[in-house]
Amino acid sequence: MTSRYRVEYSLKSHRRDGLIEWIKGLLATPFVLYAVKSNGISSVDELMTNSEARRRYAEVFHDLEVLIQDHIEMASAGTPNLSRLCQLVPSVGVFFTKLPLEKAYYIEDERRSISKRRLVAPSFNDIRLILNTAQILQLATNFHSARHQHEKLQLVTFDGDITLYDDGRNLDPDSPLLPYLLQLLEKGLYIGIVTAAGYKEPEKYYGRLAGLIDGIKTSKKLTDAQRENLLVMGGEANYLYRYQNDAGMLVTVPRDQWVLETMNGWDQDDIQSVLDYAESGLNNYIQKLSVEAVVIRKERGVGIVAKPGHKLIREQLEELVLRIDRNLRQYPAAQKINWCAFNGGSDVWVDIGDKSLGVRALQEFLRVNDGKDIKAASTLHVGDQFSSIGANDYASRTAATTSWISSPMETKNLLVDLNNYLENTANY
Ligand code: IMP
Ligand code: MG
C-alpha cells in the first residue's frame, strides 16, 4: 500500500496540475449528488437535475473566482503564501489577471454538456478548457476597458509542435490556424513563436513556418508595420528573428539587441559544462535503458532522437527526462544558469534557457526597440507542455498569462474565440 501510494501521489505528481486536480475534486461532490435515481427518470426530472447540477457547478466556479481574486490581492501585498487558495493548493502559481470562471463555465458547459452528464464527471480537460476560456475572456475585457489600458493584450506567443502544427510537422499554407493568426496581426498585436526548435539560420524557421510567413508577405489587409510584428524566439531563448518587409522574410536580430541581463551574466564554461554533463547522462541512460536512440548535440541544446526505423515509447521518454532533470538539479554548474529538460513527445531535450526567459526577452526587446510596455498581463502564451517537470511551456507561467492546449485544433478554437472577443464586447 505504501509503495502504491508513493507511485500514485509522489512519483507521478509532475504529471498532475495541482489546481486542476483540486477543482476536479470540488466538482466531484455535486456530480455524485446529482447522479440521482438509477431508473425511471422522467424528462422533467432530467431537466430539473440538469439545471440543479448546472447551478451547483456554477457556484463552485463563482467561489473559485473569489478565491483567485483574494490570492491576487495577497500576492500584490507580498504574501501570496498566506492566501487561502495557497493554503488549499500549495503548488498554485501566480495569476496576472483575475479569471471570470463562472462565465467561462457557462460557455464551456454549452459546448461540453458538463451539467447534462450523469456518468462522466467534470474532467481534467473540462477544467483546463474552462480556465483557458476564462483567461481569454479577461484579456478581452481588459483590452476594451479604459481602466486597464496599461495591461492591454499586446503580445501572443505560441509554442510550435502540437500547438501550431502536429508533432514534427510544419505550419503549411493550408493550416486552418493561419487566418486567425493573421487576424491577430490585423488587430495590431505582436505574435511571437517561442519554440524549443533551435536553429542558427532563419531559413530553417522558414521551413517550419512557411505558411505563416508567406501569408504575412502576401496579405492585402496587413499594413507594413503589422507585418513586422511577427517574431520567432528559437531554442527556448537562444535565437531571435523578426519578419522584415524589405527582406520579405525572417531576419536575425543580433543577440546584443535582445539578450536579458541575467542571461548575459552566465559563464560560458557553465553552459558548456551543463551541456557536456547532460550529453554524457543521456548517452549513459540510453545504454542503461536499452533505448534505440542517438544523441544530438547542438550549440545550446542536447537531445536524443530515435534511431531510424525505431520509435521511443512514452514511458522511456519520461524515464529519461525525469532522470536527466533530477541529475541536473543536483549539478553545481546547472544551478548557476537556467535550463530546461523536456519530453518532446518523440524525443528528449535539454536546452540552455527556458520559455520564461524567451517570453521575457521578447517583452524587453519590444520595450527597447519598439517602445512598447508589455507586461505579463498583456502577454498570452499558448502551449501544450504545462506539466511541472519534463515540459517546456511550464516556465512561461512566470512571464505571461497562459492557455494550455492539447492539439492544433484546440489552438484554432481558442484563436476563433480570442479574435471574436477582441472584436466586440457583445460577443461574450
Ligand atoms: P516546441 O514544441 O515548439 O517547443 O518544439 C519542441 C520540439 O522541437 C522538440 O520536441 C524537438 O523535436 C524539436 N527541436 C529541434 N531542435 C531542438 C533543440 O535544439 N532543442 C529542443 N528541441 C528541438
Ligand atoms: Mg509543443
Side-chain angles (χ1 to χ4, degrees), residues 1-22 24 91 120-121 123-128 159-163 165-169 195-198 236 274-275 277-298 301-331 334 339-351 354-355 383-397 404-410:
M1 196 56 204
T2 311
S3 66
R4 176 69 193 263
Y5 176 87
R6 191 167 132 73
V7 168
E8 286 301 320
Y9 291 94
S10 182
L11 291 180
K12 285 191 190 163
S13 61
H14 66 282
R15 287 176 55 195
R16 296 208 163 84
D17 181 278
L19 181 67
I20 295 184
E21 291 301 326
W22 179 70
K24 212 167 121 179
S91 63
V120 177
S123 66
F124 174 88
N125 284 330
D126 293 326
I127 299 162
R128 179 175 58 77
D159 160 61
D161 293 55
I162 311 287
T163 303
Y165 31 79
D166 288 328
D167 201 14
R169 307 301 292 267
T195 171
E236 320 282 352
V274 167
L275 290 172
Y277 183 73
E279 180 174 353
S280 77
L282 288 170
N283 263 317
N284 184 12
Y285 290 141
I286 59 179
Q287 297 290 331
K288 274 194 179 162
L289 299 169
S290 317
V291 176
E292 296 293 337
V294 288
V295 173
I296 297 177
R297 172 79 179 249
K298 293 193 177 181
V302 54
I304 57 133
V305 298
K307 286 183 180 161
H310 292 272
K311 196 175 172 311
L312 306 182
I313 58 170
R314 183 177 57 79
E315 289 82 351
Q316 290 172 326
L317 294 164
E318 235 177 86
E319 177 77 22
L320 272 160
V321 79
L322 291 176
R323 284 197 189 198
I324 202 77
D325 184 278
R326 205 173 65 156
N327 291 356
L328 280 168
R329 280 172 199 266
Q330 293 165 5
Y331 186 61
W339 50 272
C340 66
F342 72 97
N343 165 4
S346 49
D347 46 22
V348 169
W349 285 87
V350 173
D351 285 324
D354 61 28
K355 291 195 182 184
D384 66 297
Q385 293 223 342
F386 282 100
S387 299
S388 60
I389 299 181
N392 68 339
D393 291 301
Y394 181 76
S396 72
R397 299 204 324 183
W404 182 352
I405 55 78
S406 69
S407 67
M409 200 39 76
E410 274 193 14

Q) From Ile20 CD1 over to Ile127 CD1, what is the distance, rounded to the nearest 0.5 angstrom? A) 7.0 Å
Q.
Can you tell me how far apart CG (Asp384) and CG (Asp161) are? Round to the nearest 0.5 Å.
A. 8.0 Å
Please identify each residue that fulfils side chain to side chain contact (heavy atoms under 4.5 Å, CB included) with [X], with sequence neighbours left out.
X	result
Ser406	Arg128, Glu410
Ser91	Val89
Val295	Glu279, Leu282, Asn283, Ile286, Val302, Ile304
Asp351	Ala196, Glu236, Cys340, Phe342, Trp349

Q) For Gln287, does the CD atom have more than 12 heavy-atom neighbours from other residues, nucleotides or ligands under 6.0 Å away? A) no
(Q) Looking at Arg326, I'd like to know if its CZ atom is crowded, meaning that more than 12 non-hydrogen atoms belonging to other residues, nucleotides or ligands lie closer than 6.0 Å. (A) no
What pair of heavy atoms forms the shortest contact from [X] to [Y], and how long is it?
X	Y	value
Lys298	Leu275	O-CD1, 4.4 Å
Ala306	Leu312	CB-CG, 3.8 Å
Ile324	Ala341	CG2-CB, 4.1 Å

**Q.** Qualifying residues under side chain to side chain donor-acceptor pair (under 3.5 Å), relative to Ser123, sequence neighbours excluded
**A.** Asp126
(Q) Could you work out, with side chain to side chain donor-acceptor pair (under 3.5 Å) as the rule, every residue matching Asp167, not counting sequence neighbours? (A) Ser346
Q. Can you name the residues that form a ring pair (Phe, Tyr, Trp, His ring centres under 6.0 Å) with Tyr331, not counting sequence neighbours?
A. Tyr277
Q) Partners of Trp404 by ring pair (Phe, Tyr, Trp, His ring centres under 6.0 Å), sequence neighbours excluded? A) Phe124, Phe386
Are [X] and [Y] side-chain neighbours, meaning at least one heavy-atom pair lies under 4.5 Å?
X	Y	answer
Arg323	Lys288	yes
Asn392	Asp354	no
Thr163	Ile405	yes
Tyr285	Val348	no
Gln385	Asp159	no

[X]: which residues meet the salt bridge (charged side-chain N to carboxylate O under 4.0 Å, His left out) condition with it, sequence neighbours left out?
X	answer
Arg329	Asp325
Asp17	Arg397
Lys307	Glu292
Glu318	Arg15, Arg314

